[in-house]
Trainee: 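Can you read through this structure? Questions will come right after.
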Amino acid sequence: MAARGHVHDPNDRRLRPIYDYLDNGNNKMAIQQADKLLKKHKDLHCAKVLKAIGLQRMGKQDEAFTLSQEVATLEPTDENSLQALTILYREMHRPELVIKLYEAAVRKVPTSEEYHSHLFMAYARVGEYKKMQQAGMALYKIVPKNPYYFWSVMSLVMQAISAQDEKLSQTMFLPLAERMVEKMVKEEKIDAEAEVQLYFMILERLGKYEEALDLLRGQLGEKLTSELQSRENKCMVLYRRLECWPECNALSFKLLLKNPDDWQFYLSYFESLFHLIDQGWTPPEGEHCVEGEVHSSVEQAISFVEERITAEDGKDSRPLRGPYLARLELIKRLRERGCPEEQQLGEPLELMSQFFVKFGSKPCCITDLKIFLDLLNPDQYVQFINRLMEAVPLGAPENNGVALPGDTRALQRHLCVSQITRLLGLHHMLDAAGKLSVIRELKSHYHNGLQFGDENMLWQCLGILEEGLSHSPSNAQFKLLLLLLFCQLGAFEPVVDLYSSLDAKHVQHDTIGYLLTRYAESLGQFAAASQSCNFSLRFFHSNQKDTSEYIIQAYKYGAFEKIPEFIAFRNRLNQSLHFAQVRTERMLLDLFLEADISSPLEDSVKSMSLCPEEDDISWDNMRDNRDLTVLTSWDPKYRQLTAEHRQRSLEEEALWLRVRSLTLRLVGALASISHPPSTHNSEKTTENGVVPKASTLQHLLSQLESTLSQASQFTEKHTQPYPFFGPPSTRLAQALASGSCQCQLSAFQLTTLLLELEIAGLDMPPCVSEKRQHWYPNALLLFLEILSKCKGDLLEVKDGQCKAQPSLLERLVFFVETTSVVLWVSGYCGGVLRPLKSSLQKKKKKKKETTVALPEVFTGFQEYTSSLQTLLSQSLDHIKGQEVSLTALKLADLSLEGQNSEEGTFTKAAMDKVQSSYLRSLQEVGELLRKRMDTMKALKI
């Protein structure tokens with residue numbers, strides 16, 4: 001709560017203790033204090049609202065809302081009540097109620113600048129741009145200040161940006177905004193940089209680039225001073241759009257003379273130069289253009305670059321990299337065009353070697369040279385590396401034959417050469433012995449550098465990374481690689497701490513969150529999976545509220561050009577693939593952990609506000625915000641992530657999300673079957689609501705069948721794995737291979753047969769009875785097949801080697817998920833059959849029949865549930881056996897070849913983490929299966 005700065009009003013003094021209690025988190029005392037105050041002062045509305053805030057923070061939302069509405073209906077106009085209600089509605093995530101509050105206040109006090117301003121900001125929070133425009137103008141009429149006028153103009157621009165009809169934007173909203181600004185220009189009332197920025201934005205969106213250029217070059221353009229070279233950068237963008245290549249070239253040339261290290265201007269200089277050459281442009285007599293001298297020939301460009309290099313070579317101070325890289329860039333462009341003049345600039349191998357001599361000790365050297373390695377011929381690779389090694393000062397070889405650097409500069413040079421060697425593919429050309437030799441050499445270099453700052457191989461990798469992290473606890477790449485390797489080994493327990501130590505901030509929960517959430521549930525650590533989903537969901541849920549505040553601040557401080565960026569950012573996050581995945585997985589996880597265990601399935605679904613008829617995922621506008629290059633790779637091009645890999649990964653993620661979303665909606669449909677149809681989705685109606693339920697269920701089932709068919713085709717077509725540093729594969733292939741998807745689909749199909757039984761009673765057509773009769777044994781076979789694929793040892797020691805089979809753990813989790821679905825469907829079946837059996841028994845009593853056998857529909861279900869119970873007992877025995885064998889493993893006794901005692905210590909510590917994680921996963925999976933088995937008692941009919 002905001003602290004109150006004045007106490008002139010006696011009510012402020014009375015309310016002060018309540019504010020203090022709320023600020024300190026003592027909500028209970030705040031409520032008591034408010035009650036005391038209300039007994040004495042019944043008309044003190046603010047006390048009632050502060051009590052509501054206390055109730056809201058204690059989780060009593062309904063009481064809080066009722067209390068707040070008592071005050072809101074009175075349409076208060078005192079500042080205390082309005083501010084308190086605004087805070088309450090924000091905490092309730094009900095910004096639309098703030099609008100009603102201030103609309104009423106403005107009606108009662110129509111000349112209040114403060115209330116009009118609050119109303120404008122309330123509209124801004126919900127994106128009501130038309131009303132914002134009107135509120136801005138109303139405010140300007142009351143208090144004629146420029147900012148209020150331009151709030152209205154910006155609201156017009158936002159109507160243009162958000163309009164579905166582009167024609168409407170270009171013919172109505174933007175021209176009107178332009179006229180409004182022009183009026184202020186003519187009256188010479190423009191006095192702030194933000195207002196010029198807004199005018200420029202309008203002209204740019206209207207495509208009036210020449211008028212925008214005139215604006216920048218004129219007196220108003222002189223106001224653009226908050227950013228360095230703001231005018232020049234904007235002019236450059238417009239020159240390129242208008243294809244004014246002489247001006248673009250001259251401006252680039254002029255700016256490079258001031259700052260010869262600005263890479264963006266080298267690129268625009270070369271781009272404009274070659275456009276001028278292609279157009280055959282010749283300079284006119286006198287001034288070339290408004291920006292000054294223009295270069296229009298290769299000779300001029302070569303001369304210009306050489307002059308910049310000569311100037312750098314002649315300096316006593318630190319040389320700049322820009323001119324040397326510009327020379328390589330010019331060679332690259334000349335070679336692409338087949339121009340012989342490239343030879344005048346020199347041999348790329350020689351020039352890159354010289355660059356390395358000058359800048360090889362800088363970490364940026366590798367990224368600088370990386371883009372020009374294509375200038376080398378393959379037969380020059382070894383020669384190039386040898387030339388670079390000549391510039392790496394190494395000491396005398398040690399006992400192991402490895403020569404090591406003596407300081408950090410030499411270390412950085414050697415690291416750069418090693419990275420380039422890998423980029424050129426020279427490491428991959430070696431045989432196994434050669435690769436092991438490189439590994440040993442690099443390990444020696446690493447251990448030396450610390451003074452300055454097959455399956456067995458996988459364990460050794462973990463050991464090396466654990467050792468590296470112990471020496472460099474803040475190294476993000478070590479953490480990411482460890483995270484990746486532990487996940488691939490199926491050990492999720494150490495991953496949570498690793499991800500937390502990365503301290504992911506804000507948007508990183510969207511860009512790198514997939515590294516955590518992909519493996520969260522699939523490796524059986526359900527508690528950690530909930531925590532992982534919460535990491536991401538907290539960020540996404542706060543996005544809407546936070547972005548609204550950013551937009552309001554942008555209006556207040558005149559940062560108009562940032563407002564569309566904030567809104568685009570909010571939309572991008574709302575349409576995020578990762579957001580849709582985490583939301584779906586979290587709801588499924590909650591159902592697997594709680595539905596029919598701590599609460600009935602129907603209540604669990606209801607608490608999620610899940611509507612099976614509605615698909616809330618925006619498939620057509622989905623955005624893939626994942627950062628797939630977060631892991632640094634020095635592999636050669638043919639082993640790196642390609643555009644095809646990215647597209648394939650996106651298709652795979654979307655397919656798996658569709659499978660999970662349909663599964664979730666089918667569970668929701670199953671839960672709704674025992675409820676009366678809701679009013680908003682019952683266009684078709686029958687007396688008991690069965691027809692609309694059946695149609696929804698059937699529609700979702702046909703969608704799931706179709707999606708699983710597409711998924712099978714996708715996995716058959718794409719069998720090659722992604723690059724090691726690429727995106728992780730989804731659970732799709734494993735789900736299909738385990739038989740989990742087919743078994744869940746089969747379970748949901750039974751519900752349609754039972755719905756028919758619910759409608760027709762026991763007098764069903766023979767064909768339907770036959771389908772149901774065959775379903776039970778077929779479903780049991782599918783279920784048994786999933787369990788059989790879970791058999792095997794997760795971790796075993798054989799011939800002194802430790803072997804892990806993490807896929808068994810993932811299949812075991814699929815077995816648990818399928819168990820939940822099968823038991824939910826069985827629960828529904830029991831609910832349908834129980835009243836039918838009861839009705840049949842009553843009829844028998846009336847007819848005094850004693851020994852008539854039960855129909856097959858009842859006996860078949862009883863045999864089915866009995867077999868299910870046996871299967872679950874077998875699975876629990878298997879898990880118990882795995883726990884016993886894992887506990888008995890003595891990993892400390894393993895012999896680790898090729899590692900010294902210190903390295904072996906780290907490797908064995910990593911093995912212990914994997915062993916501990918497996919045990920934790922088995923315990924959580926076993927515990928959930930036991931709880932599911934307890935629910936089978938409710939299946940008796």
Side-chain angles (χ1 to χ4, degrees), residues 95-96 99 119-140 146-186 190 192-216 220-221 224 233-235 237-243 543-544 547-548 550-575 618 620-623:
E96 71 280 0
I99 293 174
L119 178 60
F120 180 89
M121 297 309 172
Y123 287 138
R125 283 193 180 90
V126 296
E128 288 274 7
Y129 303 124
K130 186 170 179 58
K131 289 184 178 178
M132 285 165 67
Q133 177 201 345
Q134 294 165 349
M137 285 310 294
L139 192 51
Y140 182 70
N146 268 24
Y148 299 150
Y149 185 86
F150 283 93
W151 286 5
S152 184
V153 175
M154 186 62 214
S155 302
L156 264 173
V157 174
M158 289 312 303
Q159 287 180 68
I161 291 171
S162 59
Q164 299 291 328
D165 187 354
E166 182 65 23
K167 189 177 177 183
L168 194 65
S169 300
Q170 293 294 320
T171 58
M172 188 173 86
F173 296 127
L174 290 173
L176 179 56
E178 183 188 13
R179 286 197 298 275
M180 286 179 73
V181 180
E182 282 175 348
K183 177 177 179 289
M184 297 294 274
V185 172
K186 286 173 185 173
I190 301 277
E193 180 182 359
E195 294 157 12
V196 180
Q197 291 273 21
L198 180 54
Y199 191 19
F200 177 79
M201 187 198 305
I202 293 165
L203 293 172
E204 198 176 24
R205 287 185 175 275
L206 280 167
K208 295 185 174 183
Y209 301 131
E210 291 179 1
E211 289 87 340
L213 263 176
D214 293 338
L215 172 69
L216 295 173
L220 290 176
L224 301 175
N233 287 328
K234 283 179 165 59
C235 283
V237 170
L238 293 175
Y239 287 145
R240 293 173 75 175
R241 284 183 180 167
L242 291 167
E243 298 185 358
N543 163 49
Q544 193 76 22
T547 311
S548 297
Y550 303 152
I551 292 166
I552 286 169
Q553 294 305 313
Y555 271 106
K556 281 184 179 177
Y557 295 105
F560 297 123
E561 61 180 359
K562 297 297 176 190
I563 294 170
E565 292 177 26
F566 289 144
I567 290 168
F569 177 72
R570 179 173 65 191
N571 293 340
R572 182 167 182 170
L573 289 179
N574 287 341
Q575 294 162 1
S618 179
D620 294 333
N621 299 317
M622 191 176 291
R623 300 292 297 269

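Predicted model, so just to flag it, every value in this text is computed and none were measured.
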Trainee: Do the side chains of M201 and M154 get nearer than 4.5 Å, heavy atoms only?
Mentor: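 Side-chain contact under 4.5 Å: yes.
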
Trainee: Any chance you could measure I202, atom CD1, to R179, atom CZ, to the nearest 0.5 Å?
Mentor: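 Between I202 CD1 and R179 CZ, I get 11.5 Å after rounding to 0.5 Å.
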
Trainee: Is it true that a side-chain atom of Q170 and a backbone atom of R205 form a donor plus acceptor pair closer than 3.5 Å?
Mentor: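 Present.
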
Trainee: Considering non-hydrogen atoms only, spot the tightest contact between I552 and A124 and give its length.
Mentor: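 Here I552 and A124 meet closest at CG1-CB, 4.1 Å.
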
Trainee: If you count the non-hydrogen atoms of other residues, nucleotides and ligands that lie under 6.0 Å from CD in E182, is the total more than 12?
Mentor: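 Yes, CD of E182 has more than 12 neighbouring heavy atoms, counting only those of other groups under 6.0 Å.
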
Trainee: Taking side chain as C-beta onward, heavy atoms only, is E193 less than 4.5 Å from V196?
Mentor: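 No, every pair of side-chain atoms sits at 4.5 Å or beyond.
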
Trainee: For the residue pair Y550 and F566, categorise the inter-ring angle as parallel (less than 30°), tilted (30 to 60°) or perpendicular (more than 60°).
Mentor: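 Tilted.
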
Trainee: How long is the span from the CG atom in D165 to the CE atom in M172, to the nearest 0.5 Å?
Mentor: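 Result: 9.5 Å between the selected atoms.
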
Trainee: Of all the heavy-atom pairs spanning A554 and I563, show the shortest one and how long it is.
Mentor: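 For A554 versus I563, the nearest heavy atoms are CB-CG1, 3.5 Å.
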
Trainee: Looking at side-chain heavy atoms only, is the closest gap between S152 and M132 below 4.5 Å?
Mentor: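 They are not in contact (no side-chain heavy atoms under 4.5 Å apart), so the answer is no.
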
Trainee: Does a side-chain heavy-atom distance below 4.5 Å link Y199 with E195?
Mentor: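 No - every pair of side-chain heavy atoms lies 4.5 Å or more apart.
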
Trainee: Does the side chain to side chain contact (heavy atoms under 4.5 Å, CB included) test come out yes or no for L242 and L213, once each step is laid out?
Mentor: CA-CA 10 Å; L242 291 167; L213 263 176; 3.6 Å; yes

Trainee: Quick one: are I161 and I567 in side-chain contact, heavy atoms under 4.5 Å?
Mentor: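 No, too far: nothing below the 4.5 Å cut-off.
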
Trainee: How long is the gap from CG on L168 to CZ on F173, to the nearest 0.5 Å?
Mentor: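 The distance works out to 4.5 Å.
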
Trainee: What's the shortest heavy-atom distance between P175 and S169, and which atoms?
Mentor: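 Reported closest heavy-atom pair: CD-O, 3.7 Å.
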
Trainee: Quick one: pull up CZ in R623 and CD in Q575 and give me the separation to the nearest 0.5 Å.
Mentor: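 Reported to 0.5 Å precision, the distance equals 7.0 Å.
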
Trainee: To the closest 0.5 Å, what do you measure between NZ (K131) and CD (Q134)?
Mentor: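 The distance works out to 8.0 Å.
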
Trainee: Is there a side-chain contact between V181 and F150, using heavy atoms and a 4.5 Å cut-off?
Mentor: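 A side-chain contact exists here, since the closest heavy-atom pair is under 4.5 Å.
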
Trainee: Would you say that K183 contacts M180 through its side chain, given a criterion of any heavy-atom pair below 4.5 Å between the two side chains?
Mentor: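 A side-chain contact is absent here, since even the closest heavy-atom pair is not under 4.5 Å.
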
Trainee: When the aromatic ring centroids of F120 and Y148 are compared, is their separation below 6.0 Å?
Mentor: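 Judged by ring-centre distance (under 6.0 Å), F120 and Y148 do not meet the cut-off.
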
Trainee: Determine, step by step, whether L238 and F200 satisfy the side chain to side chain contact (heavy atoms under 4.5 Å, CB included) criterion, reporting the C-alpha distance in whole Å, the side-chain angles of both residues, the deciding distance to 0.1 Å, and the verdict.
Mentor: CA-CA 11 Å; L238 293 175; F200 177 79; 3.7 Å; yes

Trainee: Give the intermediate values and the outcome of side chain to side chain contact (heavy atoms under 4.5 Å, CB included) for residues S155 and Y555.
Mentor: CA-CA 10 Å; S155 302; Y555 271 106; 3.6 Å; yes

Trainee: To the nearest 0.5 Å, what is the distance between CG (L220) and CG (L215)?
Mentor: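 Reported value, rounded in 0.5 Å steps: 5.5 Å.
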
Trainee: Taking all non-hydrogen atoms of both residues into account, name the closest pair between G558 and A194 and its distance.
Mentor: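 Where G558 meets A194 most closely, the heavy atoms are O-CB, 2.7 Å.
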
Trainee: Going by heavy atoms in the side chains, are E204 and K234 under 4.5 Å from each other?
Mentor: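 With C-beta onward as the side chain, the pair stays apart.
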
Trainee: Take S548 and R570 through the test side chain to side chain contact (heavy atoms under 4.5 Å, CB included) and record every step on the way to the result.
Mentor: CA-CA 9 Å; S548 297; R570 179 173 65 191; 3.6 Å; yes

